[in-house]
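Here the structure is laid out as structure tokens; the discussion comes afterwards.
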Amino acid sequence: MMSKADWATLSNNFVYSSMGIIFIAFISFAFQTAWSFRVVPQDLDTPNPKSVKYTKAGRIGIALTILGFIFLLSGVIARGVSAGRVPWGNMYEFSITGALAFLFAYLVTLRKYNVQWLGLVVTLAVLLTLGTAVTLLYVPTAPLVPALKSTWLVIHVCAAIISGGVFLLANCVAAAYLIMDRYQDEDGNEHRPNWAKQLPTLAELDQLSYRLVALVFPLWTFSVIAGAIWAEAAWGRYWGWDPKETWAFITWVAYAAYLHARVTAGWKGKRAAWLCLFAGSTFLFNYVYVNIWGAGRHTYSGL
Amino acid sequence: MSYEIKTPELGTVGLLRWLWRQLTSMRTALILLLLLGVASIPGSIIPQRNQDPTRVQQYFVNNPTLAKVFDKFSLFNLYSSTWFSAIYLLLFISLIGCVLPRTWEHFKNIRALPPQTPKNLIRLEEFRTFESRKSAAEILVIARAHFGKRRYRIRDCDASVAVEKGFIRESGNLLFHLSLIGILIGVSTGSLGGMRGSAIVNEGESFTNVATSYDSLSAGRFFKLSDFPPITLKVIKFTATYDLLTNAPLDYSLILDVTESGKSNSRRVEVKVNKPITFGSTRIYLQANGFSPKVTVRDNTGKIVLSGAIPFLPQDGNLTSIGAIKVPDLTPTQLGIVGSFLPTAERDKIRGGFSSYPEALNPRLLMAAWLGDLGLDSGVPQSVYRINTKKMDRVGLQSLAPGEVWEIPGNSNNSNNVGSITFDGVTQWVNLQIVRDPGKPFSLLGAVFALLGLLISLFARRRRIWIRTVVGENTSNSRVIVEIAGLSRSPGLAQEIDALVNVLKEKWGDDE
Ligand code: HEM
């Protein structure tokens, strides 16, 4: 029989190992990008030493990302086992689960879209999140405070974390759009440097960030509704403009504006990408600022 | 004055109509929604009276000038301020003005057919053309059957068929916006017809829902106390359990005996943090808890002038609590005791006395006694946890364990003891929050339908496709030319048209 402490140690080991693995994945992606300066897409069709190296680095990166995902998943599960509950009781746990959701969103998108090149950004973001989690946010496992003992914790937080992961991915894509946009001239012709030639076209990037947002916006809406239902049961009101609720509303409005701007006003490209980044940053602000410095009732973050 | 705009001739009616049209445009609604988002930001940074009144008071002390400016713009009660309400009321008027006519229009179109086939299909999206050996009529029959199976609406035109799908997208969109209006109805019903009150009750004591029993009570304009039938709640037992390592609370449980109006026998219920008890649209929540030291105060003749459990306010996770014992009925001067209660008292050099665990394992009551005028008759409302010692003199300090007595010394005018205080023990209090919200069901239904509408309007695909047959003049064997094209705002049109082309080609053996 493993004790709670054993499980907690196991979880930490998994999380640290996944960081190590993802770090190597990051290095592979970095090499791939570096080599891509010298590889042009035409080279990829004809096997030559350069393109073989290039493709291999990308494959290794992806394989390691998947492995890192599995380790992180094990870490999150072991954390839950050690606490005897869902692993969403404090900011350390939200952060490792959030990183997991983000990786998952990336791997799922990878199956359908040519987003291997995003690996560099994704692994970096995951490393930063996990790094902050293990150094600044780490707390030993502890039981939940009474306010969090509810089925709604599972529903509301799970939906919020998944939405967060996908919003973050959409932000990465929108940022990539803005970078690639600089290589487009007035007539719409793209003059990308070599390293960027593998990347999807601007139109594809634009579509992808829109699809990601449109896909999780209902989930985000659901998460806010579930939060409201829970707040009604826990605090006696379903909406009280507590800082976290206020920022959830602001995020919701920002993404609603983004979707409207695209669908009704026909916004595309640069303006849409900036709006997407803005909406995503309101989400991040909610997570970082409101949890750490904000007052209000979402103060279980354990800091 | 501008000459181009014929404002004078527009007249008041015309102007109003113009304003209404502006207000109810989609654009205005969107801008108002964004404005609402921006307007809600200050409230998440500046403390709010209804959430944290003490922090607001603190703000007034720390930044008096800024606080006054903020107060002028209602920034301490932002979410109930006139200007904030104005934004969301305008938003909802705009929404209603925009959505209701559209809903009616949509309803009238329920049986509408797709538009006629345009003359020039080449200009549309995904244009395809090929020659077929079969007759024009046969081609149109198979196209109709193909789309009929896929639940398109079909219109027969001259030598062509027009099909359309995705009517439900607009239905979803309208459902979403109408549901938002449902949420507004829920919120306003709740705030006009609801109420919210709280009461601190010691273990063993009872609460009855008459207006005087509440420590605080705020009610909507249309709420009547008779809306909430009489009920008596007796606090039988409150249990808090804590984690031995971190001192964090694990569980709170409150046992109540409930006696409803017109019933003689009571029933026993348990209230927990996430499990309020419900009476119709009223619910009762366990909101906070703390310790009440039990004390008896006697005057110098030994007569009891005050006896009971006095709720103290927790200050930290280990429930170090502060409170005040006010004894106005002592002669010749009033007595006030400023107290701290330590549930598990410990001492060290740095902190002095402090509490090391949130349960009453080694309770101690630390007191400072003050004699003079408590100022209770001044008309200024006072906190029950604090004493205004402006007109009082401190006469002594003491720390008591349960069962101990302190003879309170007199002041400089009169050095005899003024009386005594006995620390009889400790009990716990709970803060019950009583909330009535008749609007809840509307808001919930509104939210659920809004989500449903959102899903439909985001994921239903809308598209139109036209199929035309042209009997070719310059084709041999009197082949028929088939032209297909479509219009769509959602992805997937190409696949849909390819599927049709395949069906037409396969079934009829047209290879090229
Ligand atoms: C109207 C009600 C509520 C809203 C709008 C709301 C909003 C949110 C939002 C936006 C997040 C996303 C993560 C972030 O960006 O920080 C979140 C997370 C969370 N909420 Fe709520 N919430 C509500 C009620 C509640 C209640 C009643 C509880 C528990 C007592 C709760 C507990 C949590 C927890 C544990 C998280 C995950 C950690 C975190 O990110 O802070 N929420 N909520």
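Chain naming here is simple, since letters A, B, ... match the order of the sequence lines and numbering starts at 1 in each.
Only the side chain of B:Val435 comes within contact range of chain A, with at least one heavy atom under 4.5 Å from a heavy atom of that chain. Both the backbone and the side chain of B:Tyr252 come within less than 4.5 Å of a heavy atom of chain A. Neither the backbone nor the side chain of A:Trp152 comes within less than 4.5 Å of any heavy atom of chain B. With a 4.5 angstrom heavy-atom cutoff, B:Phe176 touches chain A only via side-chain atoms. Of the two parts of B:Arg196, only the side chain, counted from C-beta on, holds a non-hydrogen atom closer than 4.5 Å to a non-hydrogen atom of chain A. In this structure, the portion of A:Leu259 lying under 4.5 Å from any heavy atom of chain B is its side chain and not its backbone.
For the atom pair A:Leu144 CG and B:Asp251 CG, the distance stands at 11.5 Å (nearest 0.5 Å). Between A:Phe249 atom CZ and B:Ser44 atom OG the span is 12.5 Å, to the nearest 0.5 Å. Once rounded to the nearest 0.5 Å, the distance linking CG of A:Asp242 with OH of B:Tyr79 reads 9.0 Å. Atom CG of residue B:Leu454 and atom CZ of residue A:Phe222 lie 13.0 Å apart, to the nearest 0.5 angstrom. Interatomic distance, B:Phe459 CZ to A:Leu215 CG, rounded to the nearest 0.5 Å: 5.0 Å. To the nearest 0.5 Å, atom CZ of residue A:Arg211 and atom CG of residue B:Leu458 are 12.5 Å apart.
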side-chain contact (heavy atoms from CB on, under 4.5 Å) assessment of A:Phe217 paired with B:Leu455: CA-CA 9 Å; A:Phe217 184 69; B:Leu455 284 169; over 6 Å; no
Checking B:Leu451 against A:Ile225 for the side-chain contact (heavy atoms from CB on, under 4.5 Å) test, could you report, in this order, the C-alpha distance in whole Å, the side-chain angles of both residues, the deciding distance, and whether it holds? CA-CA 9 Å; B:Leu451 185 58; A:Ile225 294 174; 4.2 Å; yes
Passes side-chain contact (heavy atoms from CB on, under 4.5 Å), B:Leu444 versus A:Ile229? Steps please. CA-CA 8 Å; B:Leu444 182 61; A:Ile229 295 175; 3.8 Å; yes
Would you sort out whether A:Glu232 and B:Arg283 count as a side-chain contact (heavy atoms from CB on, under 4.5 Å), showing the intermediate values? CA-CA 10 Å; A:Glu232 196 280 326; B:Arg283 297 184 105 182; 2.5 Å; yes
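A side-chain contact (heavy atoms from CB on, under 4.5 Å) with A:Val253 is found for one member of B:Leu36, B:Leu34, B:Leu35 and no other, namely B:Leu34.
More than 12 heavy atoms of other shown residues, nucleotides or ligands fall within 6.0 angstrom of atom OH in A:Tyr113. Atom NZ of B:Lys272 sits in a crowded spot, with more than 12 heavy atoms from other residues, nucleotides or ligands closer than 6.0 Å. Within 6.0 Å of CZ on A:Phe104 lie no more than 12 heavy atoms contributed by other residues, nucleotides or ligands. The 12-atom threshold is not exceeded at CD1 of B:Ile168, counting heavy atoms of other residues, nucleotides or ligands nearer than 6.0 Å. No more than 12 heavy atoms of other residues, nucleotides or ligands shown are found within 6.0 angstrom of CZ on A:Phe278.
Here the side chains of A:Thr246 and B:Ile41 are not in contact, with every heavy-atom distance at 4.5 Å or above.
Of the listed residues (B:Val187, B:Val38, B:Asn50, B:Val448), the one with the most heavy-atom contacts under 4.5 Å to chain A is B:Val187. The residue among A:Ala261, A:Ala233, A:Ala257, A:Ala142 with the most heavy atom pairs within less than 4.5 Å of chain B is A:Ala233.
In the model, B:Asn274 has a side-chain atom that pairs as donor or acceptor with a side-chain atom of A:Trp230 under 3.5 Å.
Residues A:Trp235 and B:Gln287 approach most closely at O-NE2, 4.2 Å, considering heavy atoms. The two residues B:Asp243 and A:Pro143 have their closest heavy-atom pair at OD1-CG, 3.6 Å. A:Pro146 approaches B:Pro249 most closely through the heavy-atom pair CD-O, 3.3 Å. Between A:Tyr238 and B:Ser443, the shortest heavy-atom contact is OH-OG, 2.7 Å.
Aromatic ring centres of A:Trp241 and B:Phe84: separated by under 6.0 Å.
A donor-acceptor pair under 3.5 Å links the side-chain atoms of A:Lys149 to the main chain of B:Leu250, judged by distance alone.
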